[in-house]
Amino acid sequence: MPELPEVETTRRGIRPHIEGQTLLGAVVRQRRLRWPVPAGLDRTVAGQRLLHVSRRAKYLLLELEQGTLLIHLGMSGSLRILPPETPAGAHDHLDLLFPDCLLRLRDPRRFGAVLWTREPVADHPLLRHLGPEPLGDTFDGAWLHQAAAGRRSAVKNLIMDGRVVVGVGNIYANEALFLSGILPSRASGRIARQRYDRLAGTIRQVLSAAIEQGGTTLRDFQQEDGRPGYFAQELRVYGREGQACPNCDAPILQRRIGQRSTFYCRYCQR
DNA sequence: AAATTCTCCTGAAGGC
DNA sequence: TGCCTTCAGGAGAATT
């Protein structure tokens, strides 16, 4: 499932192929996603130049001359640069057509989204209330600590709350908490400022490391096999129930927090 | 207001 | 081998 590093890696992979190009149009084969793909998308985008490919949280933003396409990959979405006229397969929802290539969205589980807005994209309802970027300047331990004040729910839920900080999915939440030595179930408001400094640091660390790994496996996006970046990265606890903790060799435990699988070491995390 | 639950969907994995 | 069940998960919406 694409987490922030996969989305950023995708952005870096597709950008050189399409930025500055003028869209010839779009082919929508399947409108059903989280929300329906906007009607008339082909006519909307045809003839517009793609000015910039950026990212906010896990949303990819394709800024055109008269508006912005927001693309979310959900759990199973992928974007590929392909030669024009490449035959489509099952679950290929959408092609954006450029003179020398096409950008294809495939999303088997349809948790993704494609939306169009003419308004300033930062004002879009889906983006308006989002918290800081984890790799940006305003995200740090002080921010987490104030966001946690008075909250009694698990710290894992706090760092996965998009209003607090964006882009921390289940895998990297588990990893960052392990590296911080913080128990995922600990009440947010009962964690010292100093520990939040460390947590902010490990969140940055796991996300940047994954982006770097993605970058190394993604030299040529056209030939990329679509492997998610976290396969390249060594995961210390996620998906490792019963296996030895990298620190102390005790078995990694699994439980559910906020409906999500949570992995941790009961000795190394407090 | 904060916290929890529900919901979308389908591929993968596990059980028999 | 194959059918059936269960699970996973991003994040907005609904509910408590």
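Note that the structure is a prediction, hence the values are computed from the model and not measured. Within every chain, numbering begins at 1; the chains are lettered A, B, ... in the order of the sequence lines, protein sequences first and strands thereafter.
Nucleic acid contact class of A:Ser261 (heavy atoms, under 4.0 Å, all strands): sugar-phosphate only.
Not one N or O on the side chain of A:Ser76 forms a donor-acceptor pair closer than 3.5 Å with the backbone of A:Gly74.
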For residues 141-151 of chain A, run the donor-acceptor check on the side chains, cut-off 3.5 Å, and write out each pair with its distance to 0.1 Å, sequence neighbours left out.
unit_1   : atom_1 : unit_2   : atom_2 : d
A:Trp143 : NE1    : A:Val164 : O      : 2.6
A:Gln146 : NE2    : A:Trp143 : O      : 3.1
A:Arg151 : NH2    : A:Asp161 : OD2    : 3.4

Handout entry: Reading 5' to 3' through nucleotides 10-16 of chain C, protein heavy-atom contacts under 4.0 Å coded B for base, S for sugar-phosphate only, - for none
Key = BBB----

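Residues meeting the salt bridge (Lys or Arg N to Asp or Glu O under 4.0 Å) test with A:Arg109, sequence neighbours left out: none. Evaluation of the salt bridge (Lys or Arg N to Asp or Glu O under 4.0 Å) rule for A:Arg15 yields A:Glu19 as partners, not counting sequence neighbours. Qualifying salt bridge (Lys or Arg N to Asp or Glu O under 4.0 Å) partners for A:Asp107, counting only residues two or more places apart in sequence or in other chains: none.
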Close N or O pairs between protein and nucleotides 10-12 of chain B (under 3.5 Å):
unit_1 : atom_1 : unit_2   : atom_2 : d
B:dT10 : OP1    : A:Arg110 : NH1    : 3.3
B:dT10 : OP1    : A:Arg110 : NH2    : 3.2
B:dT10 : O2     : A:Arg109 : NE     : 3.2
B:dG11 : OP1    : A:His91  : NE2    : 2.8
B:dG11 : O4'    : A:Arg109 : NH2    : 3.4
B:dG11 : N3     : A:Arg109 : NH2    : 3.2

List, with names and distances, any nitrogen or oxygen atoms from the protein found under 3.5 Å away from nitrogen or oxygen atoms belonging to nucleotides 2-5 of chain B.
unit_1 : atom_1 : unit_2   : atom_2 : d
B:dA3  : OP1    : A:Arg152 : N      : 2.7
B:dA3  : OP1    : A:Ser153 : N      : 3.4
B:dA3  : OP2    : A:Arg151 : NE     : 3.1

Protein-nucleic acid N or O pairs under 3.5 Å, nucleotides 13-15 of chain B:
none

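With a 6.0 Å radius and a threshold of 12 heavy atoms from other residues, nucleotides or ligands, A:Arg128 has its CZ atom above the threshold. Heavy atoms from other residues, nucleotides or ligands lying under 6.0 Å from CG of A:Asp137 number 12 at most.
Going from atom CD of A:Glu8 over to atom OG of A:Ser208 covers 10.5 Å, rounded to the nearest 0.5 Å.
Every pair passing salt bridge (charged side-chain N to carboxylate O under 4.0 Å, His left out) that includes a residue from residues 24-36 of chain A is listed here, sequence neighbours excluded: A:Arg29-A:Asp95. Listed by first then second residue, pairs satisfying salt bridge (charged side-chain N to carboxylate O under 4.0 Å, His left out) with a partner in residues 180-201 of chain A read A:Arg193-A:Asp197, not counting sequence neighbours.
Distance A:Arg256 CZ to C:dC7 P: 8 Å, rounded to the nearest Å.
With a 4.5 Å cut-off between side-chain heavy atoms of Ile, Leu, Val, Met, Phe, Trp and Tyr, the cluster of A:Ile257 takes in none. A:Leu183 belongs to a hydrophobic cluster whose other members, connected by ILVMFWY side-chain contacts under 4.5 Å either directly or through intermediates, are A:Leu253, A:Tyr264.
Just one residue in the list A:Leu127, A:Val166, A:Thr68, A:Val121 forms a side-chain contact (heavy atoms from CB on, under 4.5 Å) with A:Tyr59, and that residue is A:Leu127.
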